[in-house]
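Please read the structure below before turning to the comments.
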2 protein chains.
Amino acid sequence: MRRFATIKDIASALNISVSTVSRALRDTYDVNASTRQAVLQKATELNYRPNFNAIGLVHNRTHNLGILLPEITNYYFSTLFTGIQDVAYKAGFNLTLFVTGNDAEREVDIVRNLSLSGLDGLLVSVSSQADSDQHFQEVIDNGVPVVFFDRVSENIHTSKVMQDDYNGAFEATVHLIKNGYRKIAHIAGPEGLTFTQARLNGYLDALRKHKLPVEPSWIVHSGFTQQHGEQDLEQLWVCGERPDAIFAVNDRKAIGAILALKRKNIRIGKDVGVIGFTNDPVSAIVSPALSTIAEPAFEIGKRSCELLLKHIQKKRFEPEQVTLPGKLIVRESSQRL
Amino acid sequence: MRRFATIKDIASALNISVSTVSRALRDTYDVNASTRQAVLQKATELNYRPNFNAIGLVHNRTHNLGILLPEITNYYFSTLFTGIQDVAYKAGFNLTLFVTGNDAEREVDIVRNLSLSGLDGLLVSVSSQADSDQHFQEVIDNGVPVVFFDRVSENIHTSKVMQDDYNGAFEATVHLIKNGYRKIAHIAGPEGLTFTQARLNGYLDALRKHKLPVEPSWIVHSGFTQQHGEQDLEQLWVCGERPDAIFAVNDRKAIGAILALKRKNIRIGKDVGVIGFTNDPVSAIVSPALSTIAEPAFEIGKRSCELLLKHIQKKRFEPEQVTLPGKLIVRESSQRL
DNA sequence: TAAATCACCGAGAACGTTACCGAAAAAACA
DNA sequence: TGTTTTTTCGGTAACGTTCTCGGTGATTTA
């Protein structure tokens with residue numbers, strides 16, 4: 001059985017009490033400089049590492065944050081994580097990452113079996129809102145601070161940080177309109193999600209404001225992958241009148257659409273305009289390059305973590321809601337040229 | 001101060017001892033069915049959650065695995081993580097993720113300050129081998145199982161799992177040769193890394209086997225990003241004779257090279273062949289599509305975690321080394337047509 | 001010189017859980 | 001009926017750490 005050097009080992013080696021060692025190691029009050037020096041030296045000599053379980057036990061603090069993500073294999077979530085870790089690391093917090101794979105059941109399972117005592121707080125982007133948010137409410141009721149980001153949960157009262165989905169979608173759609181497209185379709189996300197709804201609304205309002213027709217068959221919902229984008233486009237192409245532009249809920253779906261269009265020998269931009277959402281690096285690589293709304297993923301991660309840390313430090317902290325603006329990036333796919 | 005219901009709360013509510021509650025909760029020996037039922041009911045009623053700190057303290061087991069990664073914002077590492085989590089989740093282990101950002105200093109800092117007592121094992125892909133591996137040796141000396149993957153550390157005796165870098169590189173180079181390219185350059189990774197060396201050797205041996213010249217100025221080392229790929233290509237293009245094909249150490253650099261070549265109006269495939277390594281999804285999206293060696297990222301993650309779990313379970317477990325084969329994926333960028 | 005202050009240290013309880021051992025009650029055996 | 005076994009439970013130490021409290025000497029103050 002492995003066993004680390006403990007505070008007791010140091011104490012007995014130096015013939016002093018554990019209390020003194022404890023104080024010396026933490027450099028607090030009431031300890032002579034020379035004894036402190038001796039303790040420190042002995043500690044490195046024995047390769048002492050503090051036992052976080054023990055510390056967590058007495059303080060009811062673990063310096064561990066949980067992160068719940070639908071997926072990690074994409075640009076948005078992975079840079080978001082990097083943002084989170086950026087502030088967590090500086091504050092001395094570790095991150096335990098849970099990936100649900102967009103599986104709502106798994107999400108519930110994970111949250112229900114969470115070792116709440118092992119976590120000082122929870123950062124979450126929900127997998128799906130289809131069913132209830134009960135499992136999150138339970139966590140909050142247990143006194144564990146929760147911050148939602150990106151895919152937030154409507155009916156739960158806590159801090160949330162997200163990009164401005166509505167205005168981003170509005171701007172993207174207006175951009176297409178200004179570039180002469182009139183029959184604009186929307187390749188959307190799963191229906192249950194709030195941000196799917198927000199982007200849909202931005203799209204709709206932009207059409208209405210410019211007195212363009214809203215054609216229900218030009219709005220198709222499905223998942224977030226490139227394959228979903230391809231399928232959505234096929235569906236758009238079989239039934240009724242075809243659109244002359246596509247606003248996709250994210251870049252991956254937009255690229256799926258571009259690929260499908262290219263297979264049909266339809267010229268992107270000239271025949272059909274395409275715009276995405278996210279500014280995934282791949283949008284600059286695909287040909288023609290994809291116009292998009294850049295999301296501040298890293299910043300969202302940072303802000304979420306900062307907010308969570310605040311929640312943890314203050315006992316009573318009023319939930320905040322922050323919305324970060326996106327930015328229109330014009331490339332080739334949305335221009336007739 | 002937040003406080004969860006404990007085993008004591010259940011005990012006093014039921015007027016029984018904590019030992020009995022403990023046994024009932026864990027469904028072990030020596031507990032009557034009816035009292036067990038009562039305990040279970042009370043537990044859900046009080047929303048009891050076990051305190052992992054306490055359990056970790058007595059068992060010296062946390063069911064926490066540490067993962068040390070150079071970065072997470074790319075396809076390879078993020079799917080690798082998914083593979084790890086796939087087996088960890090089933091085995092009831094949580095994952096604490098540390099991302100170094102390819103910063104060797106930060107790696108040392110993280111490892112040195114690791115709460116070893118909070119981790120049952122460590123999965124690592126090193127950030128750089130430039131300096132020493134001493135910090136990892138310390139961890140192992142403390143009795144914490146470590147498994148290396150992808151970017152392994154040579155001088156440390158422990159389990160390692162990686163793809164077959166040498167043969168992959170060999171195969172990629174031979175593929176270019178067979179397609180008629182003769183002046184093949186290599187855009188390599190940072191020099192310190194073992195797998196950089198392995199891929200370089202595969203490349204060199206393929207050249208030698210086919211009696212092609214090895215031109216030192218056609219081998220350029222740098223980092224792993226797309227930008228590095230672009231820079232490397234520029235460097236290749238300024239000095240002396242220009243190559244007619246490029247084998248890149250990974251897809252991102254290959255794509256950088258492709259982009260730079262396109263800016264020069266050089267036709268990919270026809271004028272200059274390009275092949276990468278990884279099979280990042282973007283390699284199918286870029287135009288022309290990038291030939292590459294597919295790496296079994298997910299599988300590597302799974303195998304690493306399985307191996308680590310074995311190490312943790314058995315007290316004495318002989319280090320294993322597993323090498324997974326890659327697979328040549330032929331697309332457009334490596335064909336003259 | 002007596003009293004008050006100060007610097008430093010130790011004892012012991014506490015955090016939530018498990019493990020070991022012993023005890024009481026119930027059941028089985030003789 | 002007495003004895004042994006089985007079933008079920010409780011007491012207690014232990015895990016590594018922090019924290020509160022009190023207690024030495026030594027030093028300063030009056």
Side-chain angles (χ1 to χ4, degrees), chain A residues 1-40 42-43 46-64 115-120 142-143, chain B residues 1-40 42-43 46-64 114-120 142-144:
Chain A
M1 197 48 158
R2 84 179 212 244
R3 201 180 146 279
F4 302 104
T6 74
I7 223 174
K8 288 184 189 175
D9 298 329
I10 301 179
S12 65
L14 259 40
N15 253 328
I16 57 178
S17 76
V18 288
S19 336
T20 308
V21 176
S22 172
R23 269 167 302 182
L25 286 174
R26 282 171 300 142
D27 193 16
T28 51
Y29 59 104
D30 276 6
V31 48
N32 188 292
S34 64
T35 62
R36 186 170 158 264
Q37 200 51 45
V39 168
L40 257 36
K42 205 51 155 182
L46 297 180
N47 198 8
Y48 167 79
R49 307 287 180 103
N51 186 315
F52 275 37
N53 284 318
I55 298 175
L57 233 202
V58 356
H59 281 151
N60 215 7
R61 275 289 185 82
T62 62
H63 275 231
N64 250 350
S115 165
L116 260 17
S117 53
L119 261 28
D120 288 349
N142 264 308
Chain B
M1 196 48 158
R2 86 178 210 244
R3 198 179 149 278
F4 301 105
T6 75
I7 222 172
K8 287 183 188 174
D9 298 330
I10 301 178
S12 64
L14 260 42
N15 254 326
I16 56 179
S17 77
V18 289
S19 338
T20 307
V21 175
S22 172
R23 270 167 300 179
L25 252 19
R26 282 170 300 141
D27 194 15
T28 51
Y29 59 104
D30 276 6
V31 46
N32 188 292
S34 64
T35 64
R36 187 169 156 265
Q37 199 51 43
V39 168
L40 257 38
K42 205 52 153 182
L46 297 180
N47 198 9
Y48 167 78
R49 306 288 180 102
N51 185 313
F52 276 34
N53 285 318
I55 297 176
L57 234 202
V58 354
H59 281 153
N60 216 6
R61 275 290 185 80
T62 62
H63 275 231
N64 250 350
L114 222 49
S115 164
L116 261 16
S117 51
L119 261 28
D120 288 348
N142 264 310
V144 179

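These values consider heavy atoms only, across backbone and side chains, with no hydrogens, waters or symmetry-generated copies.
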Short side-chain N/O contact from [X] to OP1 or OP2 of [N], under 4.0 Å:
{"X": "A/N53", "N": "D/dG16", "value": "no"}
{"X": "B/N32", "N": "D/dT8", "value": "yes"}
{"X": "B/H59", "N": "D/dA14", "value": "no"}
{"X": "A/S22", "N": "D/dT18", "value": "yes"}
{"X": "A/T20", "N": "C/dG10", "value": "yes"}
{"X": "B/R26", "N": "C/dT18", "value": "yes"}

Donor on one side chain, acceptor on other, B/S22 and B/R26, under 3.5 Å: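 B/S22 vs B/R26: donor-acceptor pair found between side chains.
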Heavy-atom nearest nucleotide on DNA chain D taken for B/S17 and for A/A54; more 5' hit belongs to B/S17
Expressed as a whole number of angstroms, how long is the span from [X]:[atom1] to [N]:[atom2]?
{"X": "A/D30", "N": "D/dG25", "atom1": "CG", "atom2": "P", "answer": "17 Å"}
{"X": "A/R61", "N": "D/dC19", "atom1": "CZ", "atom2": "P", "answer": "12 Å"}
{"X": "A/H63", "N": "D/dT17", "atom1": "NE2", "atom2": "P", "answer": "16 Å"}
{"X": "B/L25", "N": "C/dG16", "atom1": "CG", "atom2": "P", "answer": "15 Å"}
{"X": "A/N15", "N": "C/dC9", "atom1": "CG", "atom2": "P", "answer": "13 Å"}
{"X": "A/L57", "N": "D/dA14", "atom1": "CG", "atom2": "P", "answer": "17 Å"}
{"X": "B/R36", "N": "D/dC9", "atom1": "CZ", "atom2": "P", "answer": "12 Å"}
{"X": "B/I16", "N": "C/dT17", "atom1": "CD1", "atom2": "C1'", "answer": "15 Å"}

Is any side-chain heavy atom of B/T62 closer than 4.5 Å to a side-chain heavy atom of A/N53?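 Answer yes - side chains close enough.
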Base, sugar-phosphate alone, or nothing: which one does A/V31 contact when heavy atoms must sit under 4.0 Å apart? sugar-phosphate
Touch check for A/F52, heavy atoms < 4.0 angstrom, all strands: base, sugar-phosphate only, or nothing?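 No contact.
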Check whether any side-chain N or O of B/N32 sits under 3.5 Å from a backbone N or O of B/S34 as a donor-acceptor pair, and report yes or no.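 Confirmed, B/N32 side chain pairs with B/S34 backbone.
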Among D/dT17, C/dT17, C/dG16, which is the nearest nucleotide to the side chain of A/T6? D/dT17
So which nucleotide from D/dG11, C/dG16, C/dA11 ends up closest to the side chain of A/S19?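 Of the options given, the side chain of A/S19 lies nearest C/dA11.
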Identify the two heavy atoms, one from A/S17 and one from A/T20, that lie closest to each other, and give their separation to 0.1 Å. OG-OG1, 3.0 Å
Which pair of heavy atoms, one from B/V31 and one from B/A24, lies closest together, and at what distance?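 That closest heavy-atom pairing would be CG2-CB, 4.1 Å.
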I'd like to know if B/R23 reaches the base of D/dG10 with its side chain such that a donor and an acceptor end up less than 3.5 angstrom apart.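 Counting by modelled atom types and ignoring angles, a donor-acceptor contact under 3.5 Å is found here.
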